[in-house]
Amino acid sequence: VKAFLSELSALFMATSFAVASEPSLGRQTESCVSCHELVTPGIVSDWTSSRHARVTVNEAVKVPALERRVSIEESLGEEGDIAIGCAECHTRFPDRHGDTFEHNGFKVHILVTPDDCATCHPVERSQYDKNLMSNAHGNLNDNPVYRALVDEVNGLKALEKNRLVGKKPDARTDAESCFYCHGTEVKVEGEVTKKTDLGEMLFPVLSGWPNDGVGRLNPDGSKGSCASCHTRHTFSIEMARKPHTCSECHKGPDVPAYSVYTVSKHGNIYSSHGGDWDFSSVPWVTGRDFGAPTCATCHDRSGWRIFGLVYAHPSPVSANTATIRNKAGLPLPTELTGEPALDFLVDVEEQESRKTRMKRICLSCHSSGWVEEHYARLENTIDATNEMTLTATRILLRAWETGAASGLPQGESIFDESIEKKWIEQWLFFANSTRFSSAMAGADYGAFAKGRWFMTRNLEEMNDWVESKLK
Amino acid sequence: VKAFLSELSALFMATSFAVASEPSLGRQTESCVSCHELVTPGIVSDWTSSRHARVTVNEAVKVPALERRVSIEESLGEEGDIAIGCAECHTRFPDRHGDTFEHNGFKVHILVTPDDCATCHPVERSQYDKNLMSNAHGNLNDNPVYRALVDEVNGLKALEKNRLVGKKPDARTDAESCFYCHGTEVKVEGEVTKKTDLGEMLFPVLSGWPNDGVGRLNPDGSKGSCASCHTRHTFSIEMARKPHTCSECHKGPDVPAYSVYTVSKHGNIYSSHGGDWDFSSVPWVTGRDFGAPTCATCHDRSGWRIFGLVYAHPSPVSANTATIRNKAGLPLPTELTGEPALDFLVDVEEQESRKTRMKRICLSCHSSGWVEEHYARLENTIDATNEMTLTATRILLRAWETGAASGLPQGESIFDESIEKKWIEQWLFFANSTRFSSAMAGADYGAFAKGRWFMTRNLEEMNDWVESKLK
Amino acid sequence: VKAFLSELSALFMATSFAVASEPSLGRQTESCVSCHELVTPGIVSDWTSSRHARVTVNEAVKVPALERRVSIEESLGEEGDIAIGCAECHTRFPDRHGDTFEHNGFKVHILVTPDDCATCHPVERSQYDKNLMSNAHGNLNDNPVYRALVDEVNGLKALEKNRLVGKKPDARTDAESCFYCHGTEVKVEGEVTKKTDLGEMLFPVLSGWPNDGVGRLNPDGSKGSCASCHTRHTFSIEMARKPHTCSECHKGPDVPAYSVYTVSKHGNIYSSHGGDWDFSSVPWVTGRDFGAPTCATCHDRSGWRIFGLVYAHPSPVSANTATIRNKAGLPLPTELTGEPALDFLVDVEEQESRKTRMKRICLSCHSSGWVEEHYARLENTIDATNEMTLTATRILLRAWETGAASGLPQGESIFDESIEKKWIEQWLFFANSTRFSSAMAGADYGAFAKGRWFMTRNLEEMNDWVESKLK
């Protein structure tokens, strides 16, 4: 109740403040808005409701450090005294951006990139840069094994002489499948003149666009997109903190973080009480602002990569994983039989230090005995699921050795037969799901929904398949 | 903040208004309520909270056209000066309704139908009438091919002499399975006397009831039910605009619109920010009232029918699809090998005009380059998924031709063997899911959840099946 | 609007009340809080926001019977005049609790159990005690058939001489899989000294901990955990009434109650309008406080056990089902061919009386004709799904009899081959899902998502499997 009253009073204060000091728009942005509030009213309206429209950089800098929403410490001088509008982002660093074009007298670029955002958010930008997310394009596309899997998922199949023959996927399919999340490479292919409501205009032609994937390769040479999570043009911190945002790419059976979260106790608390939490406050304080972790609270502190490709393993040292090679020379973080490619992965000491960091979060609400056993269970499950993947691999190796299927020994694809698909599901769907279920204590998902039940059942079907081929 | 204050003041104004002008109930409705607030308090309470209880038709008509919630333009005279209560709907047009019965001195009918609602909402009723939805019963039940699929899904199977033998489903199963959504045929079968808390009473006996399917055949000869989406007895516009309502029938793998929406950017914005939107305002303005489309924003403008039966194809000309015949004489909108039955489908010009209409919505928030490539991807995916369905069809045709399975050539069911089930899943689950995922940019669903991965894997399993049968 | 104003005024009254009478903490609890608000701030903050922190037992008792949130009728004297804090629960009955330990001068136990809660909530505790939930551990673990299924789901498999060989699961896997929901047995295994921020301290070592399963076996001899649904340390009635809480254990394909609810009309109403309901009021009145049932409204009144193990059957007489034996001597509530083990199940009269009790809830919002046909459909579906399970059983029996698989006749596991897994899915996933879909009118889930489609398809695949083995 006190909270309500103080909120009420805050609202009235905020009102007078807002009325008094709504920042003025830059001259260029005024020009943008004058047309675009007619042409793309939804964008302008989103932006109008955003903090960017209501607070200047110079005001944002003055806030006490812990409450600051920008990570620069100095005011920007005169250019920091206006709202952060269209032009402030879309005309920044015009020479860096390959997609800059002449637009009604302004040098506008289409893709606002992390390098643009870094003007006011340099720390966030640099954290992101070191994160697996910003490397998501290359980590998939530049790894020949993973790229072959992409081709297998997105490519078409025709029946020729009673055999299935695969074709490479086209760029449009790639862009709306794997690379929707991983990010496309956006390139300027030329320019085109279009009739618009305001007459003929020239626009750049981009390939790989539209896209907002976390690892997008941008025409200014930067990687990623802040708008993946801070959706344009509200750029809301609230949205990035809510699990629905993560679910765009982390719900399906390959990385079912959101699906597991929703059946976990934490997810239950969020679903039941989250409507009363404050998702916008900075800093974001457990207990005061929110009552249970969302994805954004914990992510990326783990010493384990539980997303097994093919096996779960210690986290990679570098966020760029495309350079990893195992002893067999394959671009995989483990051997095909599970042994980790240690040179490219964090050592036990670093793992322990990350675990300690993770545990510190848990200890806000849980006793040490609780937390220790939680992690002991997770590590037990990492071992168990790796063992179940190894059993699947052994069945596959037998299929290859006996000629029941064709793979590595035959120099053929390891992904394009039904027994190989089952092997992939063993780790990509079932072992991964079981591990996510363990890590986030979402038991329901890891038992019958997509976890242990299917790990076991799949092994039996794999073995049946081989036996029937050899009969 | 301004919005908050104006809302606050609106609330106070609304209060005095409400107190002053709560409309009086009709004499008959007063009589209904006097018993039913004891007998079915939930219904009365729902209705009390509804707009029908708080606004008279004559008030509703006076509102400026754009804000009007009824589509008649003239007041109803004296009968329009009371609340829209029980009797106003349940005793309307008593002679038209086959289910009208004597009830405490009133001629009451059980099913309020679109023809009743048309008293005040004639435009909505007539739009609905031209929609696939209102034809959902006949489009399924009167099409021999689709009806055979229903029988296969709902019917029981017994093991006789080591073979599975199917039985036709009973009406109760049909009513709670396919026809829960498609709508049953509700017929008066007789009457029955029941003991009630208020003495013995006579009621009609209805078959196909209860049901609220969108294509319900009503005892007054009309089709459909407004309450499918505007749930009784609140009849809320808010509910019909929220995606949860659509999810009642559009979540499963056959028409996974809701499942795709939740992992799309639009769905993410709704899930994260929708709590702050105004779902009740008329008109419903992008930017002001809501920040991203829900299902109700776009549906039914498309030039393509992406729900493939068996292949995606241009939208049917008539909402009644049961009369469509392909060249082979089958009641399908394409040949079994994918060529569209052009005589029954909209032509390219109409497709383009519908696409233009769809695009106009997108252009509120997206640039033309963005929108054009979005549709180019969708059309690419329509082709790609049709090709993957064709490959599945070719495998099935081979199974039939070689006698590995029995289907068209043998004059037997095309749905009752496991290879035929896999073929169905190829288009009904996997190709459809991939297309919905493309249309709504919900990549996660179309990659591993239920889309491309399974399209490819299914072909391999289908081919394995045929090969093993022929071994 | 009236509601809003009275709420507003209530808020202001509540304020003064709250300020005036925030209850004082017990001396021991003060001591707990003084450290723990530093050590585990999340717990303290949760508790601070809870009713336990704001109302004393003696105040709670004074409330009129229908609005009372405790089920004792007498005040507790002096000990009832303080807030219900840490010590009031964690030091209650120290001699009963095997996990009591010396902690800074207090005798603290880690697990607060239903017997502790019964101090103020004896009626709830005794209802819970008679419920299947509180017996969930033993009903699974002490039934040799179900325990064998657990072993099969959680145990690892290795490939030895080209055959899959199973290992028993370890306790950690069991605890985070089946027994996360069913409840572990928590036992004191010893004690350990730990370094803490406040110096070295002694703690008990518990096995089976952490756990909050509904049938947990506690170190004080009691069963279950109130915190399964009333999550610590807010103990919110709101949370227990929201369906997300049930979804922690009832979402997957084995007991998909939540999944079905979300696509039912009731679920749709909750998802669309639930944000405006009052989930905290006592009593909880349909129409006034909420507009459609959530799980908590109806659960546990049914005369049928629709969760088929192996067949749906009349509800068991005793909540402890581990003692049930069928005529074949197996611990199952039906024969393997479906006939119910009548001695252990409620009779027809009791079934009818329970159905009448269930119907009374429905009749608040539905006519008698609606309600009667709803239950007629459910009972029809119970028969139909049992018949489909019987067909699956017949195929399995044939597999065993012909030696295509090894099961009962061979004295081998009935769960460890792929044909047996398909048989399990027939009842555990598909027949169960179809029945839940019928019971809650969530048609979409029971048609293609996980119900009828898969029941039929699975029979065909089972029969294919047997035929191919016998070829």
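Below, chains carry the letters A, B, ... as their sequence lines are ordered, and counting in each starts from 1.
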Subject >> Side chain / backbone / both / neither for C/K471 at chain B, heavy atoms under 4.5 Å >> reply: side chain
Original post:
What part of B/L149 gets closer than 4.5 Å to chain C, counting heavy atoms only: side chain, backbone, both or neither?
Top reply: side chain
Subject >> Ion pair check, C/E467 and B/K469, cut-off under 4.0 Å >> reply: no
Subject >> Contact origin within C/E379 toward chain B - heavy atom pairs under 4.5 Å >> reply: neither
Subject >> Residue among C/H374, C/M388, C/R377 with most heavy-atom pairs under 4.5 Å to chain B >> reply: C/R377
Original post:
What's the shortest heavy-atom distance between C/A443 and B/S177, and which atoms?
Top reply: CB-O, 3.9 Å
**OP:** Could you grab the distance from atom CD of B/E238 to atom CG of C/D276, nearest 0.5 Å is fine?
**Re:** 6.5 Å
**OP:** Would you mind reporting whether C/W453 and B/I424 have side-chain heavy atoms less than 4.5 Å apart?
**Re:** yes
Subject >> Over 12 non-hydrogen atoms of neighbours within 6.0 angstrom of NZ in B/K195 >> reply: no
Original post:
Heavy-atom distance under 4.5 Å to chain B: side chain of C/F448, backbone, both or neither?
Top reply: both
Original post:
Looking at C/A384, C/G369, C/S364, C/S468, which has the largest count of heavy-atom pairs under 4.5 Å with chain B?
Top reply: C/S364
Original post:
Of all heavy-atom pairs between C/S271 and B/H244, which one has the smallest distance, and what is that distance?
Top reply: CB-CG, 3.4 Å
Original post:
chain C: which of B/M239, B/K242, B/R241 shares the most heavy-atom pairs with it under 4.5 Å?
Top reply: B/M239
Original post:
Going from NE2 on C/H266 to CD on B/E248, what distance comes out if it is rounded to the nearest 0.5 angstrom?
Top reply: 10.0 Å
Original post:
Can you say whether B/E420 sits under 4.5 Å from chain C via the side chain, the backbone, both, or neither, judging by heavy atoms?
Top reply: neither
Subject >> Considering all heavy atoms, the nearest B/I43-C/H366 contact >> reply: CD1-N, 4.5 Å
Original post:
Quick one: what part of C/S438 sits under 4.5 Å from any heavy atom of chain B, side chain, backbone, both or neither?
Top reply: both
Subject >> Nearest-0.5 Å distance, CG of residue B/L164 to CG of residue C/N463 >> reply: 4.5 Å
Subject >> Short side-chain donor-acceptor distance under 3.5 Å, C/K265 and B/T231 >> reply: yes
Original post:
With the threshold set at 4.0 Å, does a side-chain nitrogen-carboxylate oxygen contact exist between C/E461 and B/K421?
Top reply: no
Original post:
Most heavy-atom pairs under 4.5 angstrom with chain C, which of B/L428, B/D170, B/L206, B/V39?
Top reply: B/D170
**OP:** Go through the steps for B/K157 and C/M455 under the test side-chain contact (heavy atoms from CB on, under 4.5 Å), then give the verdict.
**Re:** CA-CA 9 Å; B/K157 302 251 174 178; C/M455 276 203 295; over 6 Å; no
Subject >> Between CG on residue C/D444 and SG on residue B/C246, distance to nearest 0.5 Å >> reply: 12.0 Å
**OP:** Identify which part of C/L390 has an atom lying under 4.5 Å from any heavy atom of chain B, answering side chain, backbone, both or neither.
**Re:** neither
Original post:
C/L363, C/T434, C/V466, C/V285: which one forms the most heavy-atom pairs within less than 4.5 Å of chain B?
Top reply: C/L363
Original post:
Which residue out of C/V371, C/I395, C/T385, C/T286 racks up the most heavy-atom pairs below 4.5 Å with chain B?
Top reply: C/I395
Original post:
Under a 4.5 Å heavy-atom cut-off, does chain C meet the side chain of B/H233, its backbone, both or neither?
Top reply: neither
**OP:** Name the region of C/Y270, side chain, backbone, both or neither, that has any atom closer than 4.5 Å to a heavy atom of chain B.
**Re:** neither
**OP:** Could you tell me which portion of C/T262 (side chain, backbone, both or neither) has an atom closer than 4.5 angstrom to a non-hydrogen atom of chain B?
**Re:** both
Subject >> Heavy-atom pair of closest approach, residues B/E176 and C/L378 >> reply: OE1-N, 4.4 Å
**OP:** Quick one: sort the B/W209 and C/W370 rings into parallel, tilted or perpendicular, breaks at 30° and 60°.
**Re:** perpendicular
**OP:** Please state whether the side chain, the backbone, both or neither of C/S368 comes within less than 4.5 Å of a heavy atom of chain B.
**Re:** both
Subject >> Atom group of C/R398 that falls short of 4.5 Å from chain B, counting heavy atoms >> reply: side chain
Original post:
Does any heavy atom of chain C fall under 4.5 Å from the side chain of B/T196, the backbone, both, or neither of them?
Top reply: neither
Original post:
Does atom NZ of C/K359 have more than 12 heavy-atom neighbours, drawn from other residues, nucleotides or ligands, at distances under 6.0 Å?
Top reply: yes
Subject >> Working for side-chain contact (heavy atoms from CB on, under 4.5 Å), residues C/N380 and B/T173 >> reply: CA-CA 8 Å; C/N380 185 57; B/T173 298; 3.4 Å; yes
Subject >> Short N-O contact, B/K422 and C/E460, less than 4.0 angstrom >> reply: no
Subject >> Heavy-atom proximity to chain B below 4.5 Å, by part of C/A292 >> reply: neither
Original post:
With a cut-off of 6.0 Å (strictly less than), are more than 12 heavy atoms of other residues, nucleotides or ligands near NZ of B/K168?
Top reply: no
Subject >> Separation between CG of C/L396 and CG of B/L159, rounded to the nearest 0.5 Å >> reply: 11.5 Å
**OP:** Supply the atom-to-atom distance C/T402 OG1 to B/N162 CG, rounded to the nearest 0.5 angstrom.
**Re:** 9.0 Å
Subject >> Proximity breakdown for B/A227 and chain C, heavy-atom pairs closer than 4.5 Å >> reply: backbone
Subject >> Residues B/W465 and C/D464: side-chain donor-acceptor under 3.5 angstrom >> reply: yes
Original post:
Given a strict heavy-atom distance threshold of 4.5 Å, which part of B/F429 is in contact with chain C: side chain, backbone, both, or neither?
Top reply: side chain
**OP:** Check the surroundings of atom CZ in C/R394: do more than 12 heavy atoms from other residues, nucleotides or ligands lie under 6.0 Å from it?
**Re:** no
**OP:** Kindly give the heavy-atom pair with the smallest separation between B/G42 and C/C365, and that separation in Å.
**Re:** CA-SG, 3.4 Å
Original post:
Among B/S45, B/C249, B/S236, B/P210, which has the most heavy-atom pairs under 4.5 Å with chain C?
Top reply: B/P210
